[in-house]
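Order of the sequence lines fixes the chain letters, A, B, ..., with proteins taken first and strands second; residue numbering starts at 1 for each chain.
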Amino acid sequence: MTGKQNSNRIEVRLAGEGGQGMILAGVILAEAAAIYDGKFVVQTQTYGPEARGGSSKAEVIISDEEIDHPEVINADILVAMSQEACDKYASNLKKDGLLIVDSEKVRRIPLTNAVKAPITHLAIEATGKPITANVVSLGMLVGLTKLVSRDAINKAIIARAPRGTEELNQKALERGFAEAEANLAVNEKS
Amino acid sequence: MTVTLMQGNEAVGWGALAAGCRFYAGYPITPSSEVAEMLSRELPKYGGKFIQMEDEISSLAACIGASVGGLKSMTATSGPGFSLMQEHIGYAAMTEVPCVVVSVQRLGPSTGQPTSPSQGDIMQSRWGTHGDHPIIVLYPNSVPKAFDLTVTAFNFSEKYRTPVILLMDEVIAHMRERFEVPAPESLAVVDRISTNVPPEWYKPYGDTIGDIPPMPSFGSGYRYNITGLLHDPMGYPTQRLDEINPLVERLQRKINNHLDDILLYDEEYTEDANTVVISYGITARSARHAVKLARNRRHNIGLMTLFTIWPFPEEAVMRIGRTAKRVIVPEMNLGQLALEVERVVGRHKVVRINRADGEMIAPQTILQAIEGR
Amino acid sequence: MNNIEQNAYSYLRTTKKFPNIWCSGCSIGIVMGALIRAIDRMGLDKNEVALVSGIGCTGRMPVYLDFNTMHTTHGRALAFATGLKLAKPELKVIVIMGDGDALAIGGNHFIHAARRNIDLTAIVLNNEIYGMTGGQYSPTTPLEMRATTAPYGHIEPPFPICELAIAAGATYVARSTVYHAVELDKYIEQAIRKVGFSLVEAVGYCHTTFGRLNKMGSAVEMMRHLKNVSISLSAAEKLTPEERSSKIVRGVLRDIEKPDYSTLYEQVIERAKASVTGKEFLRAGPGGLE
């Protein structure tokens, strides 16, 4: 125990509807950080009736030090893929926290500085499959925050992707990176 | 060394395999089912056996039968199933058959809340079955610790010929954490002691070589009787006081004389702390978070994390009670281990933090108690 | 003493724990004798026989016999035996139970052991009553009979043990009575030889409780009663269903072949080993892949 606490503890929440693959996205992000970037990671999720079509949520905590309390206290990053998820968790974000929303699913956005993108639409454009929206969102998250390295998230996705879908998922990831870069460029200009 | 992200329940399965577990019998129940699923997949690769039984009663019975047949055995369950297993935890204690019972606690009583964490089985794990008997209960606070303590549970079980209970909470069972898989050769694995005396000399429940009699398996040439009745050194039922008392005393002694080996806990900053937080399982992680915050604010706080819940580490807690003015006991129940702490350090020193609604105790709540707010 | 009597003594744990706890005239001893004769005739090594029981008068039998013996909890003997058999497939695992033990508290384990077709030999001594606890009605107590918990006559229909085992999937099912002791040991031998779940129902009696409560007389008179009401399967086939219903039908009621659980599980092990990718954890050392 160093006496220090959480100086580099990053808390991430990925939330949406059951079936959008947000828990899997949480696992992939956690694997990228733990296995390929060598960080301390704890990943938890909401189980229960909520996971059946209702809302679904994964939490990932990443740190350079041992992680004690395993759940999000005040999130640094929230990815909201549904209105309900945004309504439920946005108020828990830190003051300077990052909110990423699927702009076609979330209409009422409580923060003016939220990053908005039609994530599911981008997934369909990139791969033809809306199910890859979770991977697009990971690409955006990593592109915007560099929370894990691009190499790590790429490897983690390949390791998790069902055989034969590796390329498809990489396309989705690239699309997320591109969207993040476009977003950063706009911010620099303004 | 392989680095991976692993779920607590999976880590229990791998720990069991590493400890030499080759038999699993169980009945599906949330939030423990991943242990069964994982072992149904992995055990046969190692030549081990998996069977899904008709209920939790028969699951532990099958484990005990397999252990008598020479295989290290385990079952995993949760609240309602743990209640059903009490019958055979008592049988395993009385017959001194090694086995490991994993209980991933859920909110109770009764069916309660299958997916919500709880630490409500602390007392049941100690006193759930009828009669007097010692028991060993271990409780991990992380995924790597779940692996380690599963190995330890098997080792204690084999060494002391006793059922060992591995308590978990739903948070540790389902959360994924970075885990460095240890090399199998780095693990100390203990096997039960057999015997090489002539079969007619063998006393299955004798004390000729100490409090823990050797245990050859059925079919090895040592024919003996096992019974849940009070028995004599030959394993035959008895009503003679001169046979009952030595048995009852030996069962106590074989655990209580080895507390140095059995009691596992961590202490941080407890030597001169005026307040010590004593906790276990996932709550000990929240407590550690709070203790770090408090130390940043220059509070003189210590933390004791228990890994052995039963036998209760009485001496160590007593020592803390001699120096600390306050002992804070956060737990996800309405005050169970706090009863033991109060018994040892005195009720006036203990501050309880309790929660039994399926939510974790937040570090902030513990910090408030530390600061007396 | 003739040969079989001498042999029988060699199977008893005579150094301690005799005399046994059973009432004089009890039918359990006859079943124990039949079991010994079957094992002796088969020439089984005592070390390869495991005898597992539950609770009740019948449950005490293993204590007296010089095998690998396990006196377990009420109703659960088959579950313990399942684990033992899977751990040590080379053992002949024989499970001896009473009717209350096997069919009331152990009913669920009974049907599932039969369904799984685990290679066990189950012997149910059916005396139609809970003897040890003092004569309460059991799942096989016939209608209208008296028990200490049915002082006005019993109103529940009895379980037909053999038919239950057949329906659940047992591969060998036979019934006889303690009057027909030689037939009983023949069936027990066949049951032990059978690979798969086999059941022998040994119809006995409890003169101390059932006999007294129902004014059926001494052990000898109850034995005579068994002789009078039982008929062979071939004789029973000539009767109408109604005539049959009042009889104890003796014979082999089922004898089929199908793979037992352990044989099928060996296939699971083969398939699992074939699926090893080499990326498994714990490849070497004490926890390693074989």
Straight-line distance of B:E170 CD to A:T44 OG1, nearest 0.5 Å:
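The distance works out to 9.0 Å.
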To the nearest 0.5 Å, tell me how far B:H289 NE2 sits from A:D68 CG.
7.0 Å
Would you mind checking which part of B:I361 comes under 4.5 Å of any heavy atom in chain A, side chain (CB onward), backbone (N, CA, C, O), both or neither?
backbone
With sequence neighbours excluded, residues passing salt bridge (charged side-chain N to carboxylate O under 4.0 Å, His left out) with [X]:
X      : answer
A:K105 : none
A:K129 : none
A:K94  : A:D76

Side-chain donor/acceptor of B:R285 to backbone N/O of A:I67, under 3.5 Å
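Pair found, side chain donor or acceptor close to backbone of A:I67.
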Side chain A:Q45, main chain B:H174, donor-acceptor under 3.5 Å
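Answer holds: yes.
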Counting only non-hydrogen atoms closer than 4.5 Å, does A:E59 touch chain B with its backbone (N, CA, C, O), its side chain (CB onward), both, or neither?
neither
Is it true that atom CZ of B:F307 has more than 12 heavy atoms of other residues, nucleotides or ligands lying nearer than 6.0 Å?
yes
What do you reckon, is CD of B:Q368 surrounded by more than 12 foreign heavy atoms closer than 6.0 Å?
yes
Under a 4.5 Å cut-off applied to non-hydrogen side-chain atoms, are A:Q43 and B:Q7 in contact?
no
Does any part of the side chain of B:M360, heavy atoms only, come nearer than 4.5 Å to the side chain of A:P70, both counted from C-beta?
yes
What pair of heavy atoms forms the shortest contact from A:E66 to B:K292, and how long is it?
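That closest heavy-atom pairing would be O-NZ, 4.3 Å.
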Quick check for you: among B:P114, B:S286, B:A284, B:P31, which has the greatest number of heavy-atom pairs under 4.5 Å with chain A?
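Ranked by heavy-atom pairs under 4.5 Å with chain A, first place is B:S286.
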Please walk me through it: do A:H69 and B:I282 pass side chain to side chain contact (heavy atoms under 4.5 Å, CB included)?
CA-CA 8 Å; A:H69 188 66; B:I282 200 63; over 6 Å; no
Sub-4.5 Å heavy-atom contacts with chain B: which residues of residues 27-35 of chain A show up?
A:V27, A:A30, A:E31, A:A34, A:I35
Is there a side chain to side chain contact (heavy atoms under 4.5 Å, CB included) between B:R176 and A:V42 once you walk through the steps?
CA-CA 6 Å; B:R176 293 180 179 84; A:V42 176; over 6 Å; no
